[in-house]
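The structure under discussion appears below in the form of C-alpha cells.
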Amino acid sequence: MENENNNQQQLSLELKPEVAKGSYSNLAIITHSHSEFIIDFANILPGMPKPEISNRIIMTPEHAKRLLSALMDNIKKYESNFGPIDMGSRLGPQKENTFNLGDFAPFNNGTKS
C-alpha cells in the first residue's frame, strides 16, 4: 500500500519582501460575472473623502468557493481558540453586510438609481 504522503504534491512558494509586508483592508467589495469573481480590497478611514482600492483579486467561481471554504475553516479554528467574533459591537446595528456598487459614483456614471 502506498503512503498517502507520496500522493500529496508539495508546493513551494516565493514570498517577496514587498508582498510580505502586506496591506491593510477594512472593506472588501465583491462582484461577479458568469466566469469570474472580482474582490477589491480598500481602506475606509475617517476624514478620507473616499476609500482607495489597494488590491484587486480576480478568480474563477471554483476558486472563489475554495476560498470561502478555507476562510470558513480558518474562522472556525480562530473562534475555537479565541472565542466568537463579534460582528456588530463597533459598527452598531446593521440591516445588511452588503451594498450595491451602483450606489457609488465611480460605478454609476454619477447617477444613483
Side-chain angles (χ1 to χ4, degrees):
M1 183 155 53
E2 220 174 291
N3 185 344
E4 285 184 34
N5 290 336
N6 290 338
N7 292 334
Q8 295 178 352
Q9 294 181 358
Q10 290 190 356
L11 183 63
S12 177
L13 300 173
E14 179 181 350
L15 183 59
K16 296 181 180 180
E18 61 272 15
V19 175
K21 69 179 182 173
S23 61
Y24 177 76
S25 174
N26 60 5
L27 175 65
I29 301 165
I30 304 170
T31 56
H32 67 276
S33 69
H34 174 72
S35 58
E36 299 169 329
F37 273 72
I38 301 167
I39 309 171
D40 288 326
F41 294 94
N43 300 318
I44 187 163
L45 302 169
M48 298 293 287
K50 61 182 178 180
E52 182 177 313
I53 295 174
S54 57
N55 292 292
R56 171 174 276 187
I57 304 296
I58 303 168
M59 57 180 57
T60 65
E62 294 84 2
H63 282 99
K65 194 162 186 178
R66 286 185 185 103
L67 175 62
L68 173 64
S69 178
L71 283 170
M72 289 173 33
D73 181 54
N74 276 268
I75 287 171
K76 182 178 174 183
K77 290 174 183 175
Y78 176 95
E79 289 184 328
S80 71
N81 285 327
F82 303 108
I85 298 170
D86 183 357
M87 291 289 291
S89 64
R90 286 189 239 164
L91 300 175
Q94 293 181 338
K95 291 182 182 177
E96 295 183 24
N97 291 325
T98 62
F99 52 85
N100 184 348
L101 275 181
D103 292 342
F104 295 90
F107 299 100
N108 66 13
N109 297 325
T111 62
K112 186 171 177 171
S113 50

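Note that the structure is predicted; figures quoted are calculated from it, not measured. The chain is numbered in sequence order, starting from 1.
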Side chain to side chain donor-acceptor pair (under 3.5 Å), that's the test. Do Asn55 and Ser23 meet it? Break it down for me. CA-CA 8 Å; Asn55 292 292; Ser23 61; 2.7 Å; yes
If hydrophobic clusters are built by linking Ile, Leu, Val, Met, Phe, Trp and Tyr wherever their side-chain heavy atoms come under 4.5 Å apart, do Ile53 and Ile38 end up in the same one? no
Residue Glu79 excluded, over 12 heavy atoms near CD under 6.0 Å: yes
Using side-chain heavy atoms (C-beta onward) and a distance below 4.5 Å, is Ile57 in contact with Leu67? no
Measure from the side-chain N and O atoms of Asn43 to the backbone N and O of Ser54, and report whether any donor-acceptor pair falls under 3.5 Å. no
Is Ile30 linked to Leu71 within one hydrophobic cluster, defined over Ile, Leu, Val, Met, Phe, Trp and Tyr using a side-chain heavy-atom separation of less than 4.5 Å? yes
So which atom in Ser35 and which in Pro61 form the shortest heavy-atom distance, rounded to 0.1 Å? O-CD, 3.2 Å
Rounded to the nearest 0.5 Å, what separates atom CG in Leu13 from atom CG in Leu11? 4.5 Å
Closest non-hydrogen contact found for Ser25 with Leu27 is OG-O, 2.9 Å
Following the transitive rule for hydrophobic clusters with a side-chain heavy-atom cut-off under 4.5 Å over Ile, Leu, Val, Met, Phe, Trp and Tyr, establish whether Met72 and Met87 coincide in one cluster. no
Backbone N or O of Ser69 within a donor-acceptor pair of the Asp73 side chain at under 3.5 Å? no
Same apolar cluster: Phe82 and Ile85, side chain cutoff 4.5 Å: yes
Rounded to the nearest 0.5 Å, how far apart are NE2 of His63 and CD1 of Ile58? 14.0 Å
The criterion is ring-ring contact (aromatic ring centres under 6.0 Å, His included); which residues satisfy it with Phe37, sequence neighbours excluded? His32
